[in-house]
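The structure presented is a predicted model; accordingly, all values stated were derived computationally and were not measured. Residues: numbered from 1 along the sequence shown.
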Amino acid sequence: MEDRSAEIFPDVIVMYVTAQDSAFSPTANAAGKIPAPRRPAEDDEVTQALECRPEAAGQARHTAEVACRAWHVDGEATDAVLLVVSELVTNAVEHAQPPVTLNLQHDLADGGVWVGVTDGGPAAHDGPWISSCSGDEHGRGMDIVDAIAETHGTHCHQGGTTHWAHLSAA
């Protein structure tokens, strides 16, 4: 199969994961690894480094939209993915240290999408948006993710924290 990832995802690093990668094996979940789809095929995983700035959420939504289109994810499921991506990236920008990385995987088992946002761990202070608004203007992001995602969670590791969600196609 010809690699067209540079055409489909300009300015985005496309990674391929093999079944031998234990971090993505079905048994890895019990060992505390980040749940992810089994055996992604070529072009079924996208990774993008993001600047730890408010504009990162928009960039991540654009990347997710292009990926969902390439994976033929339906409109309603794509909208859900975009909302979850936006919430997770915004949380990373406002509450965590850099670096921030978006990871998307097309789950071949159910046609859904796995979203992961990795950051450098908790920041000492909240970002500028949180600091400038009242308490009732923020704080609902993870409730939204909980309502939309099939499953979601957090994985703390040596490099920081990954917040993830799996959204089914149905």
Q. Taking atom types as modelled and ignoring hydrogens, do the side chains of His157 and Thr162 form a donor-acceptor contact shorter than 3.5 angstrom?
A. yes
Q) Just how far is it from atom CD of Glu94 to atom SG of Cys52, taken to the nearest 0.5 Å? A) 8.5 Å
Q.
How close do Arg61 and Ser86 get, counting heavy atoms only, and between which atoms?
A. NH1-OG, 2.8 Å
Q) Looking only at heavy atoms, what is the nearest atom pair of Ala56 and Val93, with distance? A) CB-CG2, 4.0 Å
Q: Would you name the heavy atoms of Pro122 and Gln97 that are closest together and state the gap between them?
A: O-NE2, 3.0 Å
(Q) If you define the side chain from C-beta out and look only at heavy atoms, does anything of Glu65 sit under 4.5 Å from Arg69? (A) yes
Q | Thr63 (side chain) donor-acceptor with Gln59 (main chain) under 3.5 angstrom | A | yes
**Q.** Same apolar cluster (I L V M F W Y, side chains within < 4.5 Å links), Leu50/Leu82
**A.** no
**Q.** CD/Glu150: more than 12 non-hydrogen atoms of other groups inside 6.0 Å
**A.** yes
Q.
Nearest 0.5 angstrom please: Glu87 CD to His163 NE2, how far?
A. 13.0 Å
Q.
With a sphere of 6.0 Å drawn around CD of Glu76, does it hold more than 12 non-hydrogen atoms of other residues, nucleotides or ligands?
A. no
Q) Taking all atoms of both residues into account, what is the closest heavy-atom pair of Ala60 and Val85, and its distance? A) CB-CG1, 3.5 Å
(Q) When you compare the side chain of Asp110 with that of His166, does any pair of heavy atoms fall below 4.5 Å? (A) yes
Q.
Is any side-chain heavy atom of Asn103 closer than 4.5 Å to one of Val46?
A. no
Q | Exercise: identify the closest heavy-atom pair between Ala77 and Ser168 | A | CB-O, 4.3 Å
**Q.** Nearest-0.5 Å distance that lies between atom CG in Asp79 and atom CG in Leu167
**A.** 11.5 Å
**Q.** Leu102 vs Thr47 side-chain heavy atoms within contact, under 4.5 Å
**A.** no
Q) Do Glu45 and Leu104 have side-chain heavy atoms sitting under 4.5 Å apart? A) no
Q) Is any side-chain heavy atom of His152 less than 4.5 Å from a side-chain heavy atom of Met142? A) yes
Q: Please test Val113 against Trp71 for side-chain contact (heavy atoms from CB on, under 4.5 Å), starting from the C-alpha separation and ending with a verdict.
A: CA-CA 9 Å; Val113 177; Trp71 297 333; 4.2 Å; yes
Q: Take Thr118 and Val100, measure what side-chain contact (heavy atoms from CB on, under 4.5 Å) needs, and give me the verdict at the end.
A: CA-CA 6 Å; Thr118 301; Val100 177; over 6 Å; no
Q. What heavy-atom pair brings Val84 and Ala165 nearest, and what distance separates the two atoms?
A. CG1-CB, 3.8 Å
Q) Is there side-chain contact between Leu88 and Trp164, with at least one heavy-atom pair below 4.5 Å? A) no
Q) Between CG of Leu83 and OG1 of Thr78, what distance do you get to the nearest 0.5 Å? A) 12.5 Å
